[in-house]
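Naming convention: chains lettered A, B, ... in sequence-line order (proteins, then strands); numbering from 1 in each chain. In what follows, every heavy atom counts, from backbone to side chain, and hydrogens, waters and symmetry copies are set aside. In this text the structure is predicted, and so the values were computed from the model without any measurement.
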Protein chains: 2
Amino acid sequence: MELHEARRAGLYNIGDVATRSGVTAKMIRHYESLGLVKEARRTEAGYRVYADVDVHTLRFIRRARDLGFSIRGIQQLLGLWQNRRRASADVRRVAQTHLDALDAKIRELQQMRATLEHLVHNCHGDSRPDCPILDELSARATED
Amino acid sequence: MELHEARRAGLYNIGDVATRSGVTAKMIRHYESLGLVKEARRTEAGYRVYADVDVHTLRFIRRARDLGFSIRGIQQLLGLWQNRRRASADVRRVAQTHLDALDAKIRELQQMRATLEHLVHNCHGDSRPDCPILDELSARATED
DNA sequence: TCTGAACCTTCCCATGATGGTAATGTCAAG
DNA sequence: CTTGACATTACCATCATGGGAAGGTTCAGA
């Protein structure tokens with residue numbers, strides 16, 4: 001197949017798909033190398049060729065990434081999405097696992113934030129050198 | 001210098017320092033290669049040798065890492081810590097920058113979390129295939 | 001004194017998701 | 001036929017950390 005034939009057949013090259021899906025061409029190739037999306041057909045010149053269904057799949061991937069799912073999680077979600085006999089419980093389990101991970105991460109960052117906020121709040125922030133931030137970081141023990 | 005002499009002089013090898021500072025030997029070497037800590041002296045056999053002041057510095061680094069500071073930020077903080085003519089305003093500026101970054105990251109994760117929570121909440125989680133989580137991910141447009 | 005465990009050294013590779021760049025080849029329009 | 005905008009692969013970088021291999025050192029105990 002050649003590219004102009006593919007175009008006439010309603011197919012896209014990687015740049016078109018990138019624009020339509022919101023996934024960069026770079027990442028599309030990367031996902032292919034990971035096996036997250038199946039290997040694209042090629043024109044005779046070696047250009048990747050895509051159809052609407054691929055755009056749809058890549059949008060799915062991008063939305064999942066936007067929700068912070070890992071490639072592993074997206075792999076699971078894609079598998080369930082493409083399996084009509086899936087149980088929604090399986091989907092929810094994957095999502096819940098990620099939700100728990102998000103919660104853990106948020107708590108971790110909030111803990112950092114609280115400590116740092118406290119320190120920043122207690123720092124004069126003037127021309128003098130004394131600074132509770134440095135005092136805390138150089139303290140002999142980890143206590144506040 | 002040989003190791004037993006160094007020990008008698010109150011110095012440590014990298015394993016001791018790792019234990020005392022809470023920074024792994026691996027990371028101590030890495031920080032040295034980055035220039036975050038100065039190059040350690042060596043015994044004649046090539047073993048790194050450290051003093052109490054180095055333990056102190058590495059603890060400082062570990063505490064800063066625990067607060068999520070980047071290597072770049074820690075470099076700045078170390079510089080200020082070791083500069084007696086620093087202005088606390090400079091320290092606070094570095095900390096505030098990181099605090100802002102933490103806030104941004106937390107908000108980003110909370111946004112993800114909220115969306116995902118909503119989806120998980122609306123998913124039956126039973127044996128049927130219909131699932132709002134997949135519906136959202138495969139939606140034609142990004143709206144809730 | 002020998003041996004083995006427990007250290008140390010350097011060097012390379014892996015993570016996860018993404019970006020950059022370079023060298024090279026193809027396509028489409030003027 | 002040239003030119004510019006595409007495409008291809010391959011490699012390197014990020015950020016902080018860990019793993020492991022291959023080899024040298026130290027030290028305690030038999």
Gap between atoms [atom1] and [atom2], on [X] and [N] respectively (whole Å):
| X | N | atom1 | atom2 | value |
| --- | --- | --- | --- | --- |
| B:H30 | C:dT10 | NE2 | P | 14 Å |
| B:D16 | D:dC27 | CG | P | 11 Å |
| B:L11 | C:dC8 | CG | P | 15 Å |
| A:E44 | C:dG25 | CD | C1' | 15 Å |
| B:R62 | D:dT17 | CZ | C1' | 15 Å |
| B:L34 | D:dC15 | CG | C1' | 10 Å |
| A:E32 | D:dA7 | CD | P | 14 Å |
| A:F69 | C:dA17 | CZ | P | 13 Å |

Minimum-distance nucleotide to [X] side chain [options: [options]]:
| X | options | value |
| --- | --- | --- |
| A:I71 | C:dA17, D:dG18, D:dA16 | C:dA17 |
| A:R29 | D:dA7, C:dT9, C:dC12 | D:dA7 |
| A:Y47 | D:dC6, D:dA16, C:dA17 | D:dC6 |
| B:N13 | C:dC7, D:dT8, C:dT9 | C:dC7 |
| A:I14 | D:dT9, C:dT10, D:dA7 | D:dA7 |

[X] side chain near [N] phosphate (N/O to OP1/OP2, under 4.0 Å):
| X | N | answer |
| --- | --- | --- |
| A:Y31 | C:dT18 | yes |
| A:T43 | C:dT26 | no |
| A:R48 | C:dT26 | no |

Taking atom types as modelled, find out whether B:D130 and A:S88 have a side-chain donor-acceptor pair closer than 3.5 angstrom.
no
B:R72 or B:K26, whichever maps to the more 5' nucleotide of DNA chain D
B:R72
Are A:D16 and A:R20 ion-paired here, with the side-chain N under 4.0 Å from a carboxylate O?
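No, A:D16 and A:R20 are not salt-bridged.
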Would you call A:D90-A:R93 a salt bridge at under 4.0 Å N-O?
yes
How far apart are the C-alpha atoms of B:K38 and B:Y31, what are their side-chain angles, what is the distance that settles it, and do they pass the side chain to side chain contact (heavy atoms under 4.5 Å, CB included) test?
CA-CA 9 Å; B:K38 64 182 198 307; B:Y31 291 155; over 6 Å; no
Taking the inter-plane angle between the rings of A:W81 and A:F60 on a 0 to 90° scale, is it parallel (under 30°), tilted (30 to 60°) or perpendicular (over 60°)?
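Ring orientation, 0 to 90° scale: parallel.
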